[in-house]
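What follows is a short report on a single structure.
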Amino acid sequence: MRELDRQLPGSVEAIQHVDLDLELVPADQPGHSRRPDLVVVHRSAVERVHAERGLLRASEALLVVEIVAPGSQRTDSVAKRGEYADAGIPHHWIVDITEPVSLVACHLAGDIGYQDDGAVTGTFTATEPLPVRIDLIALL
């Protein structure tokens, strides 16, 4: 989070371990939420949550990040990837801290869900959803 947080513009915020309403069902029905390791949203979404005492919404997420933990690889790489795509979250990063540390940057690609260019090791650079440069080796 620190590596990403220091590069974010003032209009957005990175939040760790917060429930996110995936908005997969109508608002009047019981919903489904996930708790990403990190979610990046506009500050206005955080202000809305504080005012309403509600949950962040998938439609407010610019990016969700999952850190693959031992025993959670399938959940983080398959199940959550599908759910986040279904929820319309535009960007999903999967960070595997097994050496060598890698990051898979997924972006929505229409009806097919997420598309990615494969795992990156060393230094990850992005322009979308935000311009960032992350030294993956420094994450250990």
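- Note on I134 and V40: same hydrophobic cluster, where clusters join Ile, Leu, Val, Met, Phe, Trp and Tyr whose side-chain heavy atoms are under 4.5 Å apart, directly or indirectly.
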Using the rule given for side chain to side chain contact (heavy atoms under 4.5 Å, CB included), can you reason through L20 versus L55, listing the C-alpha separation, both sets of side-chain angles and the distance that settles it, and then say yes or no? CA-CA 6 Å; L20 182 68; L55 296 177; over 6 Å; no

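- The minimum heavy-atom distance between L63 and P129, with the atom names listed, is CB-CG, 4.0 Å.
- Tracing side-chain contacts under 4.5 Å through hydrophobic residues (I, L, V, M, F, W, Y), one reaches L24 starting from V18; they form part of the same cluster.
- L8 and I89 end up in different hydrophobic clusters when Ile, Leu, Val, Met, Phe, Trp and Tyr side chains are linked at under 4.5 Å.
- Closest of all the heavy-atom pairs between A109 and I112 is O-CG1, 3.0 Å.
- Counting only residues at least two apart or on different chains, the ring pair (Phe, Tyr, Trp, His ring centres under 6.0 Å) pairs with a member in residues 60-103 are Y84-H92, H92-Y114, W93-F124.
- Using a 4.0 Å cut-off between charged side-chain N and carboxylate O, D116 and R81 make a salt bridge.
- Taken from CG in D21 to CG in L56, the straight-line distance is 9.5 Å, to the nearest 0.5 Å.
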Checking V101 against D96 for the side chain to side chain contact (heavy atoms under 4.5 Å, CB included) test, could you report, in this order, the C-alpha distance in whole Å, the side-chain angles of both residues, the deciding distance, and whether it holds? CA-CA 6 Å; V101 177; D96 188 338; over 6 Å; no

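- The residues R48 and E60 are annotated as salt-bridged, a charged nitrogen and a carboxylate oxygen being separated by less than 4.0 angstrom.
- Put simply, the side chain of T123 does not reach to within 4.5 Å of the side chain of L136, judged on heavy atoms.
- The CG atom of D5 sits 7.5 Å away from atom CD of E13, with the distance rounded to the nearest 0.5 Å.
- Heavy atoms from other residues, nucleotides or ligands lying under 6.0 Å from CD of Q7 number more than 12.
- We find the CG-CG distance between D86 and L22 to be 9.0 Å, quoted to the nearest 0.5 Å.
- We find the CD1-CG distance between I94 and L103 to be 8.5 Å, quoted to the nearest 0.5 Å.
- Within 6.0 Å of atom CG in D28, more than 12 heavy atoms from other residues, nucleotides or ligands are found, so the atom counts as buried in its surroundings.
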What verdict does the side chain to side chain contact (heavy atoms under 4.5 Å, CB included) test give for V41 and L62, after you've listed the backbone C-alpha separation in whole Å, the side-chain angles of each residue and the deciding distance to 0.1 Å? CA-CA 5 Å; V41 296; L62 302 172; 5.7 Å; no

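- Other residues, nucleotides and ligands contribute more than 12 heavy atoms inside 6.0 Å of the CD atom of Q29.
- Enclosure of atom CZ in R74 is not indicated, since only 12 or fewer non-hydrogen atoms of other residues, nucleotides or ligands lie within 6.0 angstrom.
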V132 vs T125, test: side chain to side chain contact (heavy atoms under 4.5 Å, CB included). Steps then yes/no. CA-CA 6 Å; V132 296; T125 304; over 6 Å; no

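- Between V104 and V120 there is no side-chain heavy-atom pair separated by less than 4.5 Å.
- Put simply, L140 and M1 are part of the same group of oily side chains (I, L, V, M, F, W, Y) that touch within less than 4.5 Å, one to the next.
- Pairing each heavy atom of L38 with each of A14, the nearest pair is CD1-CB, 3.8 Å.
- The two residues E66 and P36 have their closest heavy-atom pair at OE2-CA, 3.1 Å.
- A side-chain donor-acceptor contact under 3.5 Å links D37 to the backbone of I67.
- The environment of CG in L139 is crowded: more than 12 heavy-atom neighbours from other residues, nucleotides or ligands sit within 6.0 Å.
- Heavy atoms only, all atoms of each residue included: A87 and A58 are closest at CB-CB, 3.7 Å.
- A salt bridge is defined here as a Lys NZ or Arg NE, NH1 or NH2 lying under 4.0 Å from an Asp or Glu carboxylate O, and E23 with R34 fails to meet this definition.
- Between the Q73 side chain and the V68 main chain, no donor and acceptor come within less than 3.5 Å of each other.
- Rounding to the nearest 0.5 Å gives a distance of 7.5 Å between CG of L4 and CG of L130.
- Once rounded to the nearest 0.5 Å, the distance linking OG of S72 with NZ of K80 reads 6.5 Å.
- A salt bridge links D19 to R35: at least one charged side-chain nitrogen sits closer than 4.0 Å to a carboxylate oxygen.
- By the neighbour-count criterion of 12 heavy atoms within 6.0 Å, atom NE2 of H107 is densely surrounded, having more than that number from other residues, nucleotides or ligands.
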